[in-house]
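Each chain gets a letter, A, B and so on, in the order its sequence line appears, and its residues count up from 1.
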Amino acid sequence: MRIDLSRDVLAGNDSTAEANQRALADAGVLCVGLLSSPGAGKTTLLEATADAWGDASRLAVIVGDVATEADADRLRDKGIPSIQINTQHHGATCHLTAESVTVALAQLDLDSTDLLFVENVGNLVCPVGFRLGEHRRVVLISVAEGADKPIKYPKAILETDLALVTKTDLAPYVDVSLESLTHSIRQVKPNAEILGLSTKTGDGMAEWVSWLRELKAGSVA
Amino acid sequence: MHEYSIACRLIEAVESGLDERGVAAPVGRVEVLVGELSGVVPEALELAFEAAKTETRLAGAELALTIEPLVLWCESCRREWHAAEPFLICDECGGTQVEIRSGRGLSVTGVDVEDEQRP
């Protein structure tokens, strides 16, 4: 006997993500998700953001990695309350799930948080389809990865709200520039919002922090 | 390889759908729509499903996959086409008012269950 079942496979994750997003908005917390390949500079960006933000204790981070507390330790050293999720204990090693974020949220003091970052497992494929409750999603691509990465991993560009080109100080050594990466990103999404930055030199950090502050000042959360 | 977690969620989606309908019979076949832009590799999903289905009531089930094509629409040309890549630029006029019409889907559309009277 055939039974008609019209069900989105990720509906369960999506509804948990929506509940996370509502809980965060109710607490007045803006949530920004970070996606990238391993080593694009997500944690370093957050360390630099803590310095630029003013009061790091008003930030919070939920960070996913297969193993270790290394990233959460680095961020706590910067004064950012941070929760580490080791995905090897959550049944899906290559990405965070909305449920794992719900568990982590319960360990944070949302009333004293203005801005929460969710740093996903380094991977440009698997995390893309799993919404976590972020108000905005940012993809980081470092110049050292090569200019063709946006067209090779187009969904990571399509399903995010801002593309951050990182490590721009390395551009002269790797023959990839902010311009060539911008071109590649716009091949996928012509209207993509793009910022370039280097945490090493500080170039572009002001624009990144303004992007966050404008979002925070707006009606998102 | 996120197909394993996708396979687990697919099984949960079928189980909850059948629970809501009060159907307890074992499942023989699951129809799944896989979009070309869903980020799921059909062969990897089939392999992961084999591993994930054991000790569930889908243990004897097979997947019947239908591919949902990636279809883009150009607002300027008023034209849609089956695109090889999800690049939001019209391949005829170069216009950028392009939207994704289909191809993102990842859903269960139906199941076959062994005949058994429904409560």
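- Residues B/R21 and A/D4 approach most closely at NH2-O, 3.3 Å, considering heavy atoms.
- For chain A, the nearby part of B/I100 is the side chain; its heavy atoms alone come within less than 4.5 Å.
- Between the side chains of A/R7 and B/S16, at least one donor-acceptor pair of N or O atoms lies under 3.5 Å.
- No side-chain heavy atom of B/T109 sits under 4.5 Å from any side-chain heavy atom of A/L5.
- Counting heavy-atom neighbours within 6.0 Å of B/H82 NE2, excluding the residue itself, gives a total above 12.
- Residue B/E85: no heavy atom, backbone or side chain, is found under 4.5 Å from chain A.
- For the pair B/E31 and A/R2, the minimum side-chain heavy-atom distance is below 4.5 Å.
- The contact between B/R104 and chain A is made entirely by side chain atoms (from C-beta outward), counting heavy-atom distances below 4.5 Å.
- Taken to the nearest 0.5 Å, the OG1 atom of B/T96 stands 13.0 Å off from the NZ atom of A/K189.
- Taking each heavy atom of B/L106 and A/D8 in turn, the nearest pair found is O-OD1, 3.4 Å.
- Proximity to chain B involves both the backbone and the side chain of A/V188, based on heavy atoms less than 4.5 angstrom apart.
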* To do: Could you check B/H2 against A/F130 for side chain to side chain contact (heavy atoms under 4.5 Å, CB included), going step by step and ending with a plain yes or no?
  => CA-CA 10 Å; B/H2 59 301; A/F130 288 82; 4.2 Å; yes
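- Looking at B/S5 and A/H95, their side chains come closer than 4.5 Å, going by heavy atoms from C-beta outward.
- Judged as a side-chain hydrogen bond (donor to acceptor under 3.5 Å, both in side chains), and not counting sequence neighbours, the contacts of A/Q84 are A/D65.
- Around atom CD of B/E55, no more than 12 heavy atoms belonging to other residues, nucleotides or ligands sit under 6.0 Å away.
- The number of heavy-atom neighbours closer than 6.0 Å to OH of A/Y153, taken from other residues, nucleotides and ligands shown, is 12 or below.
- Using a 4.5 Å heavy-atom cutoff, the side chains of B/R9 and A/N13 are in contact.
- Chain B forms the most heavy-atom pairs under 4.5 Å with one residue out of A/V125, A/L158, A/L10, A/V128, and that residue is A/L158.
- Using modelled atom types, one side-chain atom of A/K155 and one backbone atom of B/L37 make a donor-acceptor pair closer than 3.5 Å.
- Around the CD atom of B/E15, the shell of radius 6.0 Å holds more than 12 heavy atoms that belong to other residues, nucleotides or ligands.
- Put simply, the side chain of B/Q97 does not reach to within 4.5 Å of the side chain of A/N191, judged on heavy atoms.
- With B/D115 contributing its side chain and A/M1 its backbone, the two residues share a donor-acceptor pair below 3.5 Å.
- Of the atoms belonging to A/I157, not a single heavy atom falls under 4.5 Å from chain B.
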